[in-house]
Structure formats: C-alpha cells, structure tokens
Amino acid sequence: MEKLQEKIWHAMDIEELCRELGADTEQGLNRDEAAARLKKHGPNALQEKPPRSLLSMFIGQMKEVLVLILIAAAVISAGIGEWEDSLVIIIIVILNGVIGVFQEHKAENALKALKDMTKPSAKAVRGGKVLQISAEDVVPGDLILLEAGDSVPSDARLLEAASLEVNESALTGESLPVEKNPAVIRDGEVPVGDRKNMLFMGTTINAGRGKAIVVETGMKTQLGRIAELLDEAVPGATPLQKRLNKLGKVLGAAAAAIVALVFLIGYLRGEDLLEMFMVSISLAVAAIPEGLTAVVTIVLALGVTRMSRRRAIVRKLPAVETLGTATVICSDKTGTLTKNEMTVTRIVLPGQHFDITGTGYNPEGKILDQAGKESPPRGDLKFMLVSGLLSSDAQLEETAQGHRVIGDPTEGALIVAAAKAGFNKNIYERESPRLAEIPFDSKRKMMTTFNQMEGAVRSLTKGAPDVLLARCGFILNNGRAFELTEDERARLLEINSELASRGQRVLALATREWPGVPPEPGAELVERNLTFVGFFAIVDPPRPEAREAVAVCHRAGIRTVMITGDHRDTAVAIARELQIIRSGEASMTGDELEKMSDQELKKRINEVTVFARVSPEHKLRIVEALKHHGHVVAMTGDGVNDAPALKRADVGAAMGITGTEVAKEAADIVLQDDNFATIVKAVEEGRTIYNNIRSSIQYLLSCNTGEIAAIFSALSLGLGSPLSPIQILWLNLVTDGPPALALGLEPPKKGIMEKPPRGIREGFFAGGVGSGILWQGIMIGLLSLAAYWLALDRGRTLEEARTMAFITMAMSQLVHSFNVRSREQSLFTLGFFTNRSLVLSFIVSTAALLSVVFTPFLREVFETVILRPWDWGAVFILSIVPLFMEETRKLTLRLRNLR
Ligand code: ATP
C-alpha cells in the first residue's frame, strides 16, 4: 500500500498503469474484484471526526451555567440538611440532561440521514456495463466516465478527453478552468496544477467529457493528504437559531434581573432568606429560556425529515426559513414543469414531412408519410434518422418495467424514432464509428460529432433550429446539397415556429463533409457552412400536477417564472397550458435580455413570466433583477453553469435525477423527483415549520412569563411564594418542554397556502405574537395567583394553597398549549385531536402531574397535598379560563377581519 502512494501516475504509459493497477480500459473491473478492493482500500471518502459520544453530549449539557447553578443549589440544600430537596434537584438535573442528550442525538441523526441522501455518485464501467455507483464505492483500478457537471470522485489518470475542462480551484486555488488531455507527461516532478493528464478528487468537470482510471482513493488522494479531518455533518446555526440565541440572552438577562428583584422583594418583605434564595434560583432556571434554541433545532431537524418524505432534501438548514418567505419561484421547463419523456412525433424534411406513431420510449410505432401511408425509411429520411442516432450519447435499455433511456431524454427520443424504423444503434455505431465530438453545451445549444460514414468523414450537428439554421449555407434534397436561399431559411423558421407554438420541442439536424477530422475541432470552426437536413418535432407533455402547483403558488402570493433553453413559442405554449403566463404578462428571449442593461432588465422584470432560449448565465442576471425588487427568489437548476445562479438565489433547488453534482453542491435543496410540485410542497413545509417554531416559542415564553408573574405579584402582595422551588423546576421540565416540542410537530394547516408569504424582515414577535406572549403569560400567572389567594383566604394551609397554585399553573399551561396552535383559527375548527403529539403530551404531562399529587412518596417530595373536592373544582375552572379567553380573542379577530 505504501509503495502505491509513491507511484508517479502521470508519467506512466497506459499499459504500465493498467498492469500496476490491474485495470482494464474497456471492460473496467468486474464486480467481485471491485468488492474485494473496496474491502482492502476502504471507502473512497475523506475521514470525518468521529461523532460525539452520548457521554460527551451529556457532559456538554452539564456544563450549562444554569445547570451549574442548580448543582450549587443542590449542594447548599444538602449542606443545611435538606437532603430530599437536594436529591430531587439532582434527579431533575440528570433528567434534564438525559432529555437534552436524547433531543440533540435525534436532531443530529436526522441531519446526518439527510446528508446521506445527497451523497455524490459516480459513473463507473464494471464488467463492461456503465453503472451509477456511490462515489464512496469507487476503488483503485476503476474505469470511470465523467462529463460536465460531475465532481471527480477520486484521483484518476485520463484515458480519453473530449474538450475536457476541469475546475481545480478546490485543490489548487486556481479559479480558471484547466484544459486536460491524456498525453503522458514524462517529467516526473510536476506540480499538481500542471498534471494535465490527471483528475483529482474534489475538483469538478466544467465542460466536455472524459474517461479515466482511478489511481488513488480516500485519504490517499491529493485532497485527502491536505485535508484536515472533516467536521461531522452537523452544520452551524441557522440565522433563525442565531437570532433566537441572541433573543434568549436578552430575555435571560431580563429574567435574571426580575428574579433578582423577586429576591429583593422577598427579603424586604421579611421572607425566609434561604427559601427566597431557592425560589429565586429555581425561578431563574425556569424563566431563562434556555430551551429556545434546543426546541428550534429539533423542530427544524424533524421538519426537514418530513420534507424529505415529500421528496425535497434540505442541504442547508437556513433554506427552510427562507422557503417560507419565497415570493418568486423561477423554474426550468424541461423535466420540472414537463415530464421530460420525449417522443419524436414528426420529422420535417425540405418539402415533405412524416408522422411517427407510438408513445414514450417503447420502440414500437410506424412512420407515416403525408398521405398517412406507412413509409419505408429511405434516402434523406434514412439519413436523418441514422444521423440522429449516431450523434446521440443516450442508451435505450429494456427492463422488466419497459424501455427506459439512460442519458439525455431528447437524445433518447431520437434513438427510439430510429428504432421504430428498424435502425439499431449498436449496428450503426460499428458501421459508422464516431471519430471526434464537440459536446453539447446549453450556451451553444448544439452538439457535433464526427463519424466515418460511407467512406467519408462527416460532421453531424444537431441543436436548436434558430441557432443551427444561422450556420447553414446549404440544404439537403434527395441526397444532394443545394444553396439555402433566404426565402427557404425564412420558411424553415416559420415551420419551426409553428411546431413550437404547439408546445413541441424542435431539434434541427445539419451535416458537412470533411476531408478528415480537423486537428483541433473547435465549435467556431466546425459548426459553420452546414447543410440543413431536417427537423425533429418532439413532444414533452406538461406534468399533470404542475398545473395545480402553479395555481397553489398563485393563491399563495408566489409568482411562477419559467426559465428555459427551449424556443420561445414552445415555452409560451407550455406556459399557457400551465397558466404560468396570464394576461398582461410577457415573454423575453435570451437575445433580448442580452441587449438590455441591468437597469432596463430591472424595469421590465416584474412583467415577464417566461424567459426562453436563455443561457445559464442569464439566470444570474434574472435573480439579481428580481432581488433588486425585494423578491425572495427560489431558483431551480441542473447544469454546471447553473451553479452561480443557484448560489445567488435565496433558495437554490437542484434536480435530484437530472442534476449535476456541481448543481447539487451549490443548491440549498435537492428535488429528488425533479418536480415543480415538490418545490411548492417544500414552500408549504417551510411556512409550516416557521409557524410551528413560532408557536413553540410563544408557548415557552408565555409559560415562563406566567411563572414570573405569579411569584412576582404574590411576593409583592406579601403572600409569600405560591410555588415551592421544586414545583417550579417540575413545571419547567414537565409542563413546558413536551408541549413546546409537540407544537413544533403541528401538521400543515389548511389555509397556509392561501396567504401571501410573510415578509423576510418580519420580526419574530410581529403580528401580535409579542403582545400575545405578555398578556397570555400574565393571565396564566394571575390564574395561579388567584388559586393561591383563594386557598389562603379560606384558611387553607400553605401546602394546600401551593398545591392549588401549582396544579392551576400546570393545567392552565397545558390547556393554553392548544390555544397556541393557531393565532386566528378556533380550536373547534382545527379539531382538538389533529395534533396527536400535543394530545399525547397533554395526557402524559397531566398523568405526571396527578402522580405528584396522588403518590404518597412524590407528595412528600413535592410538598403537595390531596385537594378537597371544592378546591379541585376551583382549579378546574381556573385552568380552562385561558381557552375561553383566547377563543374570545380569536373570534373578535375573525369578526374584525370579516368586516
Ligand atoms: P430547461 O432549461 O427548461 O431545462 P432545456 O432542457 O430546453 O430547458 P437546454 O438543455 O439548455 O434547455 O437546451 C436548449 C436547447 O438545446 C433545446 O431547446 C434544444 O434545441 C437543444 N438541445 C437540447 N439537448 C440537446 C442535445 N442533446 N443535442 C443537441 N441539442 C440539444
């Protein structure tokens, strides 16, 4: 193994390299060999720091300042002989720690599971077959295939390269792409950046295609050698978490000041000092909202897990918050709004056309001439079909579920069309082998291959008709090339337009004969003076669910904008069908956009809903212009050039199926099914998660306010503390935590997508949340105080009065947790049992509360007594007051909104 590391891979001949690695440049490794090597070399990944152990998490919890205060309180209690108090405090501390660890662990696991879902993959040839494997399973000796947008899974030596450009900035810091070629570099001592025949882990393919043999994997790669151990999957705090952290500190300081005041008042009122000290400390622990960020983390983690079940994988947590505020969704057309199941339905040749029957990728169908008769594929038609086949990289595969295409669906459609005429790809590829190629790129919107055809070298160029026709000087008719007149060109463009306005994607094919393959076949040189052959008209039906999703967006105040590389007429036709384009809204092409200054674009951006024939670079300008108007932009993308726009958008959404690794890396979320409807569902979840977090916090803070209000007012009135220290700690642990979490799990509410998005700058306490917390807290506090006062007034013992205050406080908080579920909707419309977690937490917390009163041992520890029947009645009535009060408030609010 050590010896291998010293090998100078770039200076070896390919035969020597293959011998050294036991590799095969055609068939790749066989599966057994690959498995054996994986065992020997280990997974191809950079090592991560081991995850934190449960014990270290627990110790982390114990280091919290508040916990330390509690431990000090326990020691003091023990010091003065209050063993029971001391023991209970310790138990509560431990329980608190265990719950904390459990929650932290759960959140970490959820995030790790998400990370695993978007692990990079690689294309390897194994046993002669191209397989999509996890990048972690790549082993030395593997034969790998790479194309634009892929990340290089390991260090590898190039065998073949077609216009291959690699971005090596992650490794070398060089931001310009590097051109690669497989030639041997004889000089052994070459810096990494100059090893043109090598590919390195962590770099990305910018353009072109290549084939390579893996030489090193995992920590033995160049990246592995310089990489420090990577940190675990858990990302840093999100903006919301940071904001809440800050808020927690401010509220904590305020609570600490109030607690100090409570202590002072108690002291001035002549209360027992030690008792006041314990009450203050317990109150501090209960009132300081240390649970805020914990609850948010867990709710976020569980929320993103729920999103992943709806096929939206969150890669960057802050996206969840932003999703809910999105005001514009810019979506690709092909595959996102349409099914990306391409079928050629018509071939147009100069002066004639043919219809092709059959649907999907099943290669069964007929080719009919204009008279509707089956037409044997001869002459120009045969040339058109065979050329489409030869210039395509996709593969048609027959599976038990039917036929499927591996590769680009547009190319798949050409292969299926040829197959319907009886032309088999393998046979024709052997007869007319490919000599060179200029790969497709979405800026040129074309692709060219050079093939040996019937004794001559031919270039076959296929691409967008408007772009391609501009490069044609001739036209094919009955096997002969004639000059293309301007009239003919205009007529062909008209035909193109007519097909496109029916929502069809049109692809043109052109050819040129060459004396031999040009030594450096660059696009500028080669894609000129072509002979036009014909058009393929391809249908790609809209996704049925997309129409509804667009309508949902419309109702939710979110604009849908289509951005596509396709023809304007095709784009507008599909946009009409999906009701993306409405009256008064316009379309714009990439050319028009190109001619505009940023200023002009900003002026017009709000009226344009379809951008057609755009290049990925235009997407960045569109995002910028939208953001200029204060829009929160979600943008989809798949290609390598989409990455900057995905990063710049507020929410970048990459395609899970057709997306490149580079696009996924740059994105905030990955749509596993490439579906527009999935983004809309993610927005709904985003809104729900944010609302739920707000409810949780509203609940936690109103409970804390309640506890402070009760004790503060009782002490001010000279009634002593209505709650014992242990009771306060109990409330903090049992009645505050579980409902807060359960509120975070509230399912999406019906009307959530009927409202406009909340403002991105809208504060956490906007919309009456802040005042709500205050008045609800004070109400709960006063109810508990009332119970305490009632008992004292009727001559009950202190223990009885405190038990009444304690149960009233706990029960009114639990009842109040149901209020918090919605700010406007009545619980009677929401349904009492629709948040099952909350019902469960209510039952469990109530049972725990009753056990504290009815179990003799706990009764002693918590200094409670069994209440008299009348007192139970009073507690019951007081506890349900919050429900009545809030329902009345909601009713008046709804009535006011009606007016
Ligand atoms: P979207 O951005 O909505 O996904 P798109 O898939 O149409 O749109 P591109 O993939 O950039 O966008 O394609 C732009 C144009 O390039 C297409 O309209 C088509 O004319 C042409 N084209 C697409 N795929 C190929 C291909 N494999 N070979 C040649 N030309 C192609």
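In listed order, ligands and their atoms are each counted from 1.
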Q | atom 20 (O) of ligand 1 - nearest protein heavy atom and its distance | A | A464 CA, 3.3 Å

Q: Measure the distance from atom 22 (N) of ligand 1 to every protein heavy atom, then report the residue, atom name and distance (to 0.1 Å) of the closest one.
A: F440 CE1, 3.3 Å

Q: Between K333 and ligand 1, find which residue part has any heavy-atom pair under 4.0 Å and reply side chain, backbone, both or neither.
A: both

(Q) Can you confirm whether E397 is buried at CD, in the sense that more than 12 heavy atoms of other residues, nucleotides or ligands lie under 6.0 Å from that atom? (A) yes

Q: Give a yes or no on whether the ring-centroid distance for F532 and F474 is below 6.0 angstrom.
A: no

**Q.** Location of contacts on T334 toward ligand 1, heavy atoms closer than 4.0 Å
**A.** both

Q) Would you say H567 and ligand 1 have an N/O pair spaced under 3.5 Å apart? A) no

Q: Identify, for atom 19 (C) of ligand 1, the protein heavy atom at the shortest distance, and state residue, atom and that distance.
A: L507 CD1, 3.6 Å

Q. Any luck finding a side-chain donor-acceptor pair between N340 and T334 under 3.5 Å?
A. no

Q: For A162, enumerate each residue passing the side-chain contact (heavy atoms from CB on, under 4.5 Å) test, keeping only those at least two apart in sequence or located in another chain.
A: E437

Q | Residue, atom name and distance, where the atom is the protein heavy atom closest to atom 29 (C) of ligand 1 | A | K462 O, 3.2 Å

Q: Establish, from distance only, whether the side-chain atoms of Q452 and S432 form a donor-acceptor pair under 3.5 Å.
A: no

Q: For ligand 1, note which part of T336 has a heavy atom under 4.0 Å away: side chain, backbone, both or neither.
A: neither

Q | Heavy-atom nearest option to atom 14 (C) of ligand 1, drawn from A500, G407, G565, P409 | A | G565

Q) What's the shortest distance from atom 11 (O) of ligand 1 to any protein heavy atom, and which residue and atom give it? A) S442 CB, 3.1 Å

**Q.** Taking atom 5 (P) of ligand 1 as the reference point, the nearest protein heavy atom with its distance
**A.** R505 NH2, 3.1 Å

Q: Starting from the C-alpha separation in whole Å, work towards a yes-or-no answer on side chain to side chain donor-acceptor pair (under 3.5 Å) for R568 and T589.
A: CA-CA 7 Å; R568 176 189 247 163; T589 64; 4.9 Å; no

Q. Is there side-chain contact between F611 and L593, with heavy atoms separated by less than 4.5 Å?
A. yes

**Q.** ligand 1 to D566 polar contact by distance, N or O atoms, under 3.5 Å
**A.** yes

Q) Can a non-hydrogen atom of M562 be found less than 4.0 Å from any atom of ligand 1? A) no

Q: Please confirm whether E411 comes within less than 3.5 Å of ligand 1 when only nitrogen or oxygen atoms on both sides are compared.
A: yes

(Q) I'd like to know if the side chain of S497 pairs up with that of E494 as donor and acceptor (distance under 3.5 Å, no hydrogens or angles considered). (A) no

Q: Indicate whether any N or O donor in one side chain lies under 3.5 Å from an N or O acceptor in the other, for D674 and T658.
A: yes

